[in-house]
Amino acid sequence: MKRANANMVVLYGSQTGTAEDYAGRLAQEARVYGFSAISLDLEDIDVNDIERLGEIPESVAVFCMATYGEGDPTDNAQAFYDYLKDESPELSALRYIVFGLGNKTYEHYNAIGRFVDEKLAEFGASRLFEHGEGDDDGNLEEDFIAWKAKMWPALCKKFNKPVPENVNLAPIRQYKVKIHETFAPEKVFTGEMQKLKAYENQRPPFDSKNPFLAPVRVHRELHTGGDRSCMHIELDIAGSGIKYEAGDHVGVFATNDPALVEELGKLVGNVDLDSLFSLEAVDARSSKKSPFPCPCTFRTALLHYVDILSQPRAHLLRELAEFASDPKEKEFLEKLTTEEGKKDFQDWIQHDQRTILDILRDLPSVKPPMDLLLEFLPRLQCRYYSISSSPKAHPNSVHITAVLVKYTTKLERDRAGIATSWLKLKKSEATPDRVPIFIRRSTFKLPKQHTAPIIMVGPGTGLAPFRGFLHDRRVERSKPTNASVAFGETVLFFGCRSRHHDYIYETELKEMVADSTLSEMHVAFSRDQNAKEYVTHHMTANKKRVWDLVAKGAHIYVCGDARNMARNVHQILLEAVMEGKSCDATEAANFIKKLQAEGRYSQDVWT
Ligand code: FAD
Ligand code: 2AM
């Protein structure tokens, strides 16, 4: 900051690039309000330097913090999170503001923004403006705009600066494009996450920046009927040095559909997808020099680095309007980003699930430069899968159980999930296809004591980690050293639509019951009869049993749909505790909180 002559730093914890984009925008807007700001990736700083921010007169640190998964920090904010969690820094010289990005679908809404805001205050730092929160299940962009519209004037007042009037805060480009006529081929990225040629020269250790290309050894269909598909995929990790435990997640880097990439190139018009280019930060002081590995071709960037099927955010629409040659289309796009166009935005973008492809198809006069799209589209994320194997049974492979995402949008357009449709095409032939993967540790783990009972609730692909748990328990039970151990009851609640179509791993589960690895299995078929039958119904019918096991020290695990199932299961647990303990809802809720804190009630859920 001293070198850059900056008095404001905007630090971001970002996973898909949204918090990063917001941080960049705040840093740019700062100039308008009389501050000199730089934006920095939290991963690129020495967290201890935060204690020294007071050395810069009239300085302020703004934190744009995304919450990821189950109230977790983003990967790039992990060290900062640990610093606040485990250390007790003296931060009385720090002045700060926090904006959190979250999603209300999840229980731990905006947990990280709140955590950072509270911890900084606890360590003596001065909060200059109340922390803001954006909800990605609603309209994140709007929340952000509304918050910063109040934040900037308040901040100016704090520093006795004049508050500028009628400012135009339209986002400004943070990267500029450079087209390369030629470039040494060995210096061109072809889809690597960070290190050039990392896929040609595979070197451990493997992680999210350096994924392992795992050969596909088994690829089979688990559904036995119906029109959906669920894949069982076994990925070979022999010789990679990769270690995992049952309950961990595997991250998969997929590629966008080449036909859609080709179409996007045509829709933009006049672009050679094989041109070589780089996106370079306009502000040379910014820690991020390019949004993704460059130089590469437009095709590589579209295939590997950006999500071309996400719903564009309002600020991209505003940019697109600049490139509409038809005044009506321009006006329409501009309106979508205004207050009075809110309803149109909800209908036309959110309800109709329009992607950038749909927008360019439906507004043919809009011809944005490709580099603009590449800057504004979110970064293509790895997809996580709950590993469905145990290393005790399969030390050399990681198993995935994934349902193919395929649906028709409100516009009657067929759409396929990026990762699952890509995985669907993988082959396990003599020269097998390879999948870039890494392991992410989770806290979803079997109890250390084999004697502890376990209750597993996992409808659909929520069964995945429990297959790993069962394989694990089966191996442990067969060990001579465990011959005298009385293994705790192992109870599974599984649910699917139909006994005949999607009862995945049926044979294996029945074998687990036959050899007593599973002591009880309750299966709910939701669509085999008129009335829906869910795992929750089976749990309700077995409330007393559930309570007895909990009272005996059982660990409860819930995996699968975060939206309804996990919440409904939680409610039934609450009832089971109320009835079992003869207590009121508050006491039962506290009891369940205690179970969570002790690691005896864990969720592995996704939307
Ligand atoms: P995407 O391209 O990401 O598309 C999915 C999006 O499409 C949805 O978010 C939704 O917006 C939209 N969509 C999907 N269906 C419809 C519909 N019917 N109507 C309208 N819109 C729709 N998945 C598994 O199958 N097995 C697992 O074991 C598993 N484990 C997971 C563990 C964790 C920790 C997490 C976070 C997720 C897990 N998932 C699992 C989900 C997985 O990561 C992917 O999200 C999923 O496979 C879809 O990825 P995709 O790229 O194919 O779809
Ligand atoms: P449905 O699709 O017929 O409604 C796996 O997705 C299984 O979970 C399906 O049988 C699905 O039923 C069921 N399911 C849907 N919502 C649920 C909920 N709230 N609780 C438990 N199971 C649910």
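Values below: every heavy atom of this structure, side chains too, minus hydrogens, waters and symmetry copies. Start at 1 and go down the list; that is how both ligands and their atoms are numbered. The shown structure was predicted, so the numbers you read here are calculated from the model rather than taken from an experiment.
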*Could you go step by step and tell me if Phe494 and His522 meet the ring pair (Phe, Tyr, Trp, His ring centres under 6.0 Å) rule?*
CA-CA 6 Å; Phe494 172 65; His522 306 270; over 10 Å; no

*Nearest 0.5 Å please: distance from the CG atom of Leu463 over to the OH atom of Tyr505.*
7.5 Å

*List for me each residue that meets salt bridge (charged side-chain N to carboxylate O under 4.0 Å, His left out) alongside Asp433, sequence neighbours excluded, and say none if there are none.*
none

*With only distance considered, is Cys496 within less than 3.5 Å of ligand 2 through an N or O on each side?*
yes

*State the atoms of ligand 2, each with its element, that fall below the 4.0 Å cut-off from a heavy-atom position in Arg497.*
2 (O), 10 (O)

*Anything with a heavy atom under 4.0 Å from ligand 1 counts, so go ahead and list those protein residues by chain and number.*
His249, Gln353, Arg383, Tyr384, Tyr385, Ser386, Thr401, Ala402, Val403, Val405, Tyr407, Gly417, Ile418, Ala419, Thr420, Arg440, Thr461, Ala464, Asp604, Trp606

*asked:* Can you tell me which portion of Arg527 lies within the under-4.0 Å heavy-atom range of ligand 2? Options are side chain, backbone, both, or neither.
replied: side chain

*Measure the distance from atom 10 (O) of ligand 2 to every protein heavy atom, then report the residue, atom name and distance (to 0.1 Å) of the closest one.*
Ser526 OG, 2.7 Å

*Spatial distance of atom CG (Leu42) from atom CD (Glu20) [nearest 0.5 Å]*: 11.0 Å

_Determine whether Phe438 and Phe253 satisfy the following criterion, ring pair (Phe, Tyr, Trp, His ring centres under 6.0 Å), listing intermediate values before the conclusion._
CA-CA 9 Å; Phe438 67 97; Phe253 286 102; 5.8 Å; yes

*Measure the distance from atom 8 (O) of ligand 2 to every protein heavy atom, then report the residue, atom name and distance (to 0.1 Å) of the closest one.*
Pro459 CB, 3.6 Å

*Applying side-chain contact (heavy atoms from CB on, under 4.5 Å), name anything that partners Asp347, two or more places apart in sequence or on another chain.*
Lys343

*Check each atom of ligand 2 against the heavy atoms of Val535 and keep those under 4.0 Å away; list them by number with element.*
21 (C)

*Can you name the residues that form a salt bridge (charged side-chain N to carboxylate O under 4.0 Å, His left out) with Glu575, not counting sequence neighbours?*
Lys543

*Run the numbers for me: atoms of ligand 2, each under 4.0 Å from some heavy atom of Asn564, listed by number.*
19 (N)

*Are Phe493 and Phe466 close enough, and set up right, to give a ring pair (Phe, Tyr, Trp, His ring centres under 6.0 Å), and what steps lead you there?*
CA-CA 10 Å; Phe493 290 91; Phe466 302 138; over 10 Å; no

*Under 4.0 Å to a heavy atom of Lys532 - the qualifying atoms of ligand 2, by number*: 1 (P), 3 (O), 4 (O)

*Distance from Leu595 atom CG to Leu573 atom CG, nearest 0.5 Å?*
8.0 Å

*Under 4.0 Å from any heavy atom of Gly460, which atoms of ligand 2 are there?*
5 (C)

*Pair Tyr22-Tyr12, ring pair (Phe, Tyr, Trp, His ring centres under 6.0 Å): steps then yes or no*: CA-CA 8 Å; Tyr22 285 8; Tyr12 55 86; over 10 Å; no

*Could you find the nearest protein heavy atom to atom 17 (C) of ligand 2 and give me its residue, atom name and distance?*
Tyr534 CE1, 3.5 Å

*Between Asp604 and His249, is any side-chain donor less than 3.5 angstrom from a side-chain acceptor?*
yes

*Check whether any N or O atom of Asp561, backbone or side chain, sits under 3.5 Å from an N or O atom of ligand 2, and answer yes or no.*
no

_Ring-plane angle category for His315 and Phe376, please: parallel below 30°, perpendicular beyond 60°, tilted otherwise._
tilted

*Looking only at protein heavy atoms, which one is nearest to atom 19 (N) of ligand 2, and how far off is it?*
Asn568 ND2, 3.0 Å

